[in-house]
Number of protein chains: 2
Amino acid sequence: MDAIDLSLVDLLRGNARLSYAELARQVGLSAPAVHERVGKLESSGVVRGYRADVAPESIGLGVTALIGIVEDSGADTDDMLESLRVLPEIESCYFMAGVESFLLKARVGTIAELEQLIVRLNRTPGVASTRTTIALSTKWENRPQPVGPAVG
Amino acid sequence: MDAIDLSLVDLLRGNARLSYAELARQVGLSAPAVHERVGKLESSGVVRGYRADVAPESIGLGVTALIGIVEDSGADTDDMLESLRVLPEIESCYFMAGVESFLLKARVGTIAELEQLIVRLNRTPGVASTRTTIALSTKWENRPQPVGPAVG
DNA sequence: CACTCTCTGTGGATGCCATCGACCTGAGCC
DNA sequence: GGCTCAGGTCGATGGCATCCACAGAGAGTG
């Protein structure tokens, strides 16, 4: 991970569909060299993949909620994780410090679907309680913060 | 947004670097047709961009925190938003229902940097109080949920 | 029904890009 | 010095992006 790798990471966080030729121009290397570097970033786990950033409301996921989960004392955290993992509505799952062991970001189409999700969560073994707050609007999300040196 | 558009969106959410030729094979259209459709999805705002998914700890952002913000009564929400927007550490910003008007997801390198961020937030005009919880680990994040029909 | 307009598709042509292999170069080390 | 290796360049080639001309389906209209 030298400065050029950081530049490549920055460029790809900004636009994952840049061609190797374009990346090469930006960082001042040849296309094969960039190809090699990006391949290594991928196989070493620095770059985990490439995702289209899609407006959720345009694919019928207009309701965003954050759900904190308090575990039962003695609950098996790994089992709970597996129960959470199979729920597709849960986009993100953080294991937190504090009373609420998990913080989930869920995305559904309607409030009714959110209700169903919460019911399911409360029925999940190991869940003592849930606390849901609704996001009225998403001001921004997953904004990449620049890490590399400035790239001309 | 017909079924083919949804398939394209799904495919690109899974791998944003798929070639138009490959997308075309997957959905059963010609490459120019797919090119046209994706272009329209982009210009209509359904697809907002393409991002490399980078392991944050590998670029020196190993600390994730969620920060709730309570506004002063009478605070100007738009002004606050602008103050938040210039802080690069804030990756996501939701306007919430509830006591805490904003919920921020912040990513920093060290606990010391988190402390500085919190201090800055508490000094920001309009902020009555903040409540920070640290994510001990990220189980998953921004997992795309399939929306289109199954794609062979 | 027939005409036409529009939308969305296909197929072909062309130039750029991804990718492979051969080779070069400088650093570290015996 | 001479070996070795990591990581670069260059050149070739086949595939892809992209442009263009044109075809066919459907909606609206006389």
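Predicted, not measured: the structure shown is a model, and the values here were computed from it. All chains are named by letter (A, B, ...) in the order of the sequence lines, taking the proteins before the strands, and each is independently numbered beginning at 1.
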Rounded to whole angstrom units, what separation is found between the [atom1] atom of [X] and the [atom2] atom of [N]?
| X | N | atom1 | atom2 | result |
| --- | --- | --- | --- | --- |
| B:L23 | D:dT18 | CG | C1' | 15 Å |
| A:D2 | C:dA27 | CG | C1' | 16 Å |
| B:L8 | C:dT8 | CG | C1' | 14 Å |
| A:E36 | D:dA6 | CD | P | 10 Å |
| B:D5 | C:dC7 | CG | P | 15 Å |
| A:L18 | D:dA17 | CG | P | 15 Å |
| B:R17 | D:dC16 | CZ | C1' | 14 Å |

- Does a side chain donor of either B:N142 or A:N142 reach within less than 3.5 Å of an acceptor in the other side chain?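 Note: B:N142 and A:N142 side chains meet the donor-acceptor criterion.
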- Query: Touch check for A:S30, heavy atoms < 4.0 angstrom, all strands: base, sugar-phosphate only, or nothing?
  - Reply: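 Base, at least one base atom sits under 4.0 Å.
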- Task: Kindly write out the residues that satisfy side chain to side chain contact (heavy atoms under 4.5 Å, CB included) with B:D72, not counting sequence neighbours, or none if the list is empty.
- Result: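 For B:D72, the residues satisfying side chain to side chain contact (heavy atoms under 4.5 Å, CB included) (neighbours in sequence not counted) are B:A75, B:A128.
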- Does any N or O in the side chain of A:R17 come within less than 3.5 Å of the main-chain N or O of B:A16, such that one atom is a donor and the other an acceptor?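 At least one qualifying donor-acceptor pair exists.
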- Is there a donor-acceptor pair closer than 3.5 Å between any side-chain N or O of A:R13 and the backbone N or O of A:Q145?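 Looks like yes, one N/O pair under 3.5 Å.
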- Row check, A:F102 ring normal vs A:R131 NZ/CZ: under 6.0 Å, within 45°: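 Relative to the ring axis of A:F102, which defines the angle, A:R131 lies outside at least one limit.
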- Item | Residues which pass side chain to side chain donor-acceptor pair (under 3.5 Å) with A:T77, listed by chain and number, not counting sequence neighbours |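 In terms of side chain to side chain donor-acceptor pair (under 3.5 Å), with neighbours along the sequence ignored, A:T77 is linked to A:E71.
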- Does any residue of residues 37-52 of chain B have a heavy atom under 4.0 Å from DNA chain C, and if so, which ones, in number order?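 Residues of residues 37-52 of chain B that come under 4.0 Å of DNA chain C are, in numerical order, B:R37, B:K40.
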Please write out the pairs of protein N or O atoms and N or O atoms of nucleotides 19-23 of chain C separated by less than 3.5 Å, giving the distance to one decimal.
{"unit_1": "C:dT19", "atom_1": "OP2", "unit_2": "A:H35", "atom_2": "NE2", "d": "2.4"}

- Item | Selection residues 117-143 of chain B - residue pairs positive for ring-ring contact (aromatic ring centres under 6.0 Å, His included), sequence neighbours left out |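 Matches after skipping sequence neighbours: none remain.
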- Message: Going by the rule ring pair (Phe, Tyr, Trp, His ring centres under 6.0 Å), which residues pair with A:Y50 if we only count those two or more places apart in sequence or in a different chain?
- Response: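 Partners of A:Y50 by the ring pair (Phe, Tyr, Trp, His ring centres under 6.0 Å) criterion come out as none, since no residue qualifies.
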- Message: Is the shortest side-chain heavy-atom distance between A:L81 and B:K139 below 4.5 Å?
- Response: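 When only atoms from C-beta onward are counted, B:K139 and A:L81 do touch, with a gap below 4.5 Å.
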